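All remarks here apply to the structure that follows.
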2 protein chains.
Amino acid sequence: MLTKSSTELVRQQNSMLVLAALRRRGSLSHTEIASETALASATVSAITAELERAGIIARSEQHVQGGRGRPRVLLMPRRDYGYVIVVRISSDIVQYSLADYGGTLLDRFEEARNHDLKGTAAFGQIFAAALERLLQRSRITKEEVLAISISSKGLVAGDGARLIWSPVFGSEELDFQSLLRPEWRAKIMLSNETLLVAQALAVRAEEGRDDFKALAAISLGHSIGLGLARKGHFGELDVSAPNFGHMLHTSSAGLCRCGSRGCIEAAAGFYGILRTAFEVPSDTIPAKFVPLSEMDKIAASARQGHRMAGYAFRQAGIALGNGISRLLSLYEPMPILVTGPGTRYFDLLQKGVEEGLAQSLQVRLMGPPEITVVADEQRLVFDGHLNRALSTIDGGLAAGHD
Amino acid sequence: MLTKSSTELVRQQNSMLVLAALRRRGSLSHTEIASETALASATVSAITAELERAGIIARSEQHVQGGRGRPRVLLMPRRDYGYVIVVRISSDIVQYSLADYGGTLLDRFEEARNHDLKGTAAFGQIFAAALERLLQRSRITKEEVLAISISSKGLVAGDGARLIWSPVFGSEELDFQSLLRPEWRAKIMLSNETLLVAQALAVRAEEGRDDFKALAAISLGHSIGLGLARKGHFGELDVSAPNFGHMLHTSSAGLCRCGSRGCIEAAAGFYGILRTAFEVPSDTIPAKFVPLSEMDKIAASARQGHRMAGYAFRQAGIALGNGISRLLSLYEPMPILVTGPGTRYFDLLQKGVEEGLAQSLQVRLMGPPEITVVADEQRLVFDGHLNRALSTIDGGLAAGHD
DNA sequence: ACTTTTTTCTCGACAGTCGAGAAAATAAAT
DNA sequence: ATTTATTTTCTCGACTGTCGAGAAAAAAGT
């Protein structure tokens, strides 16, 4: 059932529109906002006055200039309105970053993950301590932090705060909400890493052509991640991170470290490729973590014509291709963007991917999807973090009184 | 990018709300509308007055009564505001129905599909002629028809007017928009049949509990259909019909009549089951159409312990189970509702389905989905038709002037 | 100093929702 | 028969929001 609308909601929506425009473009003048949002000049005045009064945006002093006429005065988000903490949890390190409300990076440090310390309880302590350290280094109080955006590989619950399954902690659930709630008033956001990649790529794509509909980001590495970004009925971006890596590929295939058999990851993840290449029995997990150098060696021998190594990459490609074909069968056609450390072997995977794709009616009808390799996954993840955190902050601001 | 809002849009949204409430409940009084929509009484007055002036709704004469106080006067959609034509295209017959704006069925007839007459052109002629006949029988003009809602099994294009692939016409595309556009001013809507089932079931589910999130309807028969209904961010119902039946099950499996190999349908559709049961080579399509009596015989022998017959249903179940597990991997957990003629063999399929489901991490984590058999698919399809057609008409009415 | 140009701001008109209370219409009580 | 109580519907004024037009502001050219 739909929910009722009111004049207040109109203002809220249009406020968000103005804030989003400022976010996209950094800073805009009164007239630019009007043309960007299609709002009347008078409305822009009303909204910006309100936002300014609330201390959310400010007018820049030096009016940049050229031609004649009254100089434009630029409006922009006030950088000191608050702060955002971004945490990227990966298998070997945890990266903590601090950014301001304007989206500029203020501080960053990394901590190696201690693999001896098992369990979520221990991690929780280290995590909380690191956040404290981040505050102290920049002399910021908890109250000034508006959002804490955390990412990990794995499966995130619908409420966006609980990590249900992850390669790092297995199925031991990790609830960041309850971990941080008492002390922090910031909004806690937990996202799958590849979801953030999809978000960042979708924002980029929207800036270019405006016929953007949907895209899928696939991250290749030790595990296989999928992020989906689709434009909803009302023009809003709808991102999700389905459990692609552990979707069933073939029941006859090898054991996955999640405990099931035949997951995509078990064939296309690094350890799966290694297992096939070295002809390790398919019901053993060869390594907790496969260093890139090891993968590089297998790739090199594959490129020199080594049979099993080539076969391993080929099989991985087929698993990916089949998975993508199923993805496209269950969603609409969309371009595929591939990131992650595994992209350096994409030449070896490609033929298998094509083979795996060709088998389905969907691909025969619609043609194969456009598959592009995109570099710099870490940058995309961080961009996605900021994007998501800042725009939900803006949403809350527009909604609550302001 | 989001789009701007305005006070007019507010009225539009709230008008839709009122119309939707009247649709759901048949007829409501002023106060009932107010409580149902959470709108203020004054607002309800304004909106209903407008709708009444436009001839869309009317007050019923006999005020039904009980207690004391001023009697309530009931408002309801005016049945003679316009008409809706519903066409269900199935492999053997085409059913034409006429309903009024109030949603009551006025006329219905069926025509056997002539299987000798191949091709979409011939079908187009027969189709147009049948619509004319439907008008004449009830003495209605084309101008009074507000929507023509057509359903078929198969794959419908995103624009909701073109049939891209269907078991009936293969990949010969059928564009109902261009077929009917010049003469009819009605809105042409083409939907996958199982999508309509999902729509109808979702509407039913929403009436009961209001925590409804999503559901999947699977139709078992000669082909396998999937309809997905999910509640969007703004409370609206988002239905789609992905190409589930022709999603890849296993590349090693049999030939599908779509021309690909290993589709779910090729294992779980009637002809697939028959093929396995009779050990027909897996690269031949045994029959264009398998009569139910034939399937009943196979089922009977399976229930009496015949090995290959039981195996065939088991394999079909596994294909379904794997498919559902993949569906749940790529979407969120949701209940599965099974309809169609194939449900009479569900006892034989069930064990295979469970086996096929059990193989994935998703199911291990979230538990197996709730699977329910729902009877009377044809009724659901028709309900879905009316629901969809009438609510899009209402949407257009609220949007355009009125 | 005056004009031109461009941007920003302000004012009144208009569209919508809401709460409160008036008006309407009936049943029960006197 | 009249009054009272009760319930529903309708109406009025206040409030919030958007919009177009034009005034005010602030610079550059003449």
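Letters go in sequence order (proteins before strands), and every chain restarts at 1. These numbers come from a predicted model, not from an experiment.
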Mind checking whether A:Leu19 and A:Ile57 have side chains closer than 4.5 Å, heavy atoms only? yes
Over how many whole Å does the gap from A:Ile47 atom CD1 to D:dT16 atom C1' extend? 12 Å
Set of salt bridge (Lys or Arg N to Asp or Glu O under 4.0 Å) partners for B:Arg162, sequence neighbours left out: B:Asp159, B:Glu173
Just the atom pairs and distances: protein N or O near nucleotides 8-12 of chain C's N or O, under 3.5 Å.
unit_1: C:dT8; atom_1: OP1; unit_2: A:Val73; atom_2: N; d: 3.1
unit_1: C:dT8; atom_1: OP2; unit_2: A:Thr31; atom_2: N; d: 2.9
unit_1: C:dT8; atom_1: OP2; unit_2: A:Thr31; atom_2: OG1; d: 2.8
unit_1: C:dC9; atom_1: OP1; unit_2: A:Arg59; atom_2: NH2; d: 2.9
unit_1: C:dC9; atom_1: N4; unit_2: A:Ser41; atom_2: OG; d: 3.1

Non-neighbouring partners of A:Glu144 that pass side-chain hydrogen bond (donor to acceptor under 3.5 Å, both in side chains), sequence neighbours left out: A:Thr141
Taking only N/O atoms, report every protein-nucleotides 1-5 of chain D pair under 3.5 Å with atom names and distance.
none

On the nucleotide C:dG16, are OP1 or OP2 found under 4.0 Å from the side-chain N or O atoms that B:Asn14 carries? no
Taking CD from A:Glu50 and C1' from D:dT16, how many angstroms apart are they, rounded to a whole number? 11 Å
Does B:Arg181 have more than 12 heavy atoms from other residues, nucleotides or ligands lying within 6.0 Å of its CZ? yes
Check this for me, if you would: do B:Lys231 and B:Glu236 make a salt bridge, where the nitrogen-to-carboxylate-oxygen distance has to be below 4.0 angstrom? no
Calculate the interatomic distance between B:Gln13 atom CD and D:dG17 atom C1'; express it in whole Å. 16 Å
When you check the gap from the basic side-chain N to the acidic O, do B:Glu207 and B:Arg24 get nearer than 4.0 Å? no
Rounded interatomic separation in angstrom, taking CZ from B:Arg11 and P from D:dT18: 17 Å
Salt bridge (Lys or Arg N to Asp or Glu O under 4.0 Å) filter on A:Lys187, not counting sequence neighbours, yields none
C:dC18 OP1/OP2 closer than 4.0 Å to side-chain N/O of A:Lys4: yes
In whole angstroms, how far is the P atom of D:dG17 from the CD atom of A:Gln12? 11 Å
Applying side-chain contact (heavy atoms from CB on, under 4.5 Å) to A:Arg139 and not counting sequence neighbours gives none
Per the salt bridge (charged side-chain N to carboxylate O under 4.0 Å, His left out) rule, what does the pair list look like for residues 1-21 of chain B, sequence neighbours excluded? B:Arg11-B:Glu50
Given C:dC18, is OP1 or OP2 found less than 4.0 Å from the side-chain N or O atoms of B:Thr43? yes
Between A:Glu8 (CD) and C:dC18 (C1'), how many Å, whole number? 9 Å
Does anything in residues 17-28 of chain A reach DNA chain C, meaning a heavy atom under 4.0 Å, and if so which residues? none
Taking only residues two or more places apart in sequence or in another chain, which ones pass ring pair (Phe, Tyr, Trp, His ring centres under 6.0 Å) with B:Phe382? none
If an axis is fit to five pairs at each end of the helix from C:dA1-D:dT30 to C:dT30-D:dA1, what is the angle between the two, to the nearest 10°? 40°
Side-chain donor or acceptor of A:Arg185 paired with backbone N/O of A:Glu143 under 3.5 Å: yes
Under the salt bridge (charged side-chain N to carboxylate O under 4.0 Å, His left out) rule, what pairs show up with a residue in residues 388-399 of chain A, not counting sequence neighbours? A:Arg23-A:Asp394
From CD1 of A:Ile33 over to P of D:dT18, roughly how many Å is that when rounded to an integer? 14 Å
Name all residues meeting the side-chain contact (heavy atoms from CB on, under 4.5 Å) criterion together with A:Lys142; count only those two or more places apart in sequence or in a different chain, and write none if there are none. A:Glu132, A:Leu135, A:Glu183, A:Trp184
Report the C-alpha distance between A:Thr48 and A:His30 in whole Å, list the side-chain angles of each, state the deciding distance to 0.1 Å, and finish with yes or no for side chain to side chain donor-acceptor pair (under 3.5 Å). CA-CA 8 Å; A:Thr48 52; A:His30 180 104; 5.0 Å; no
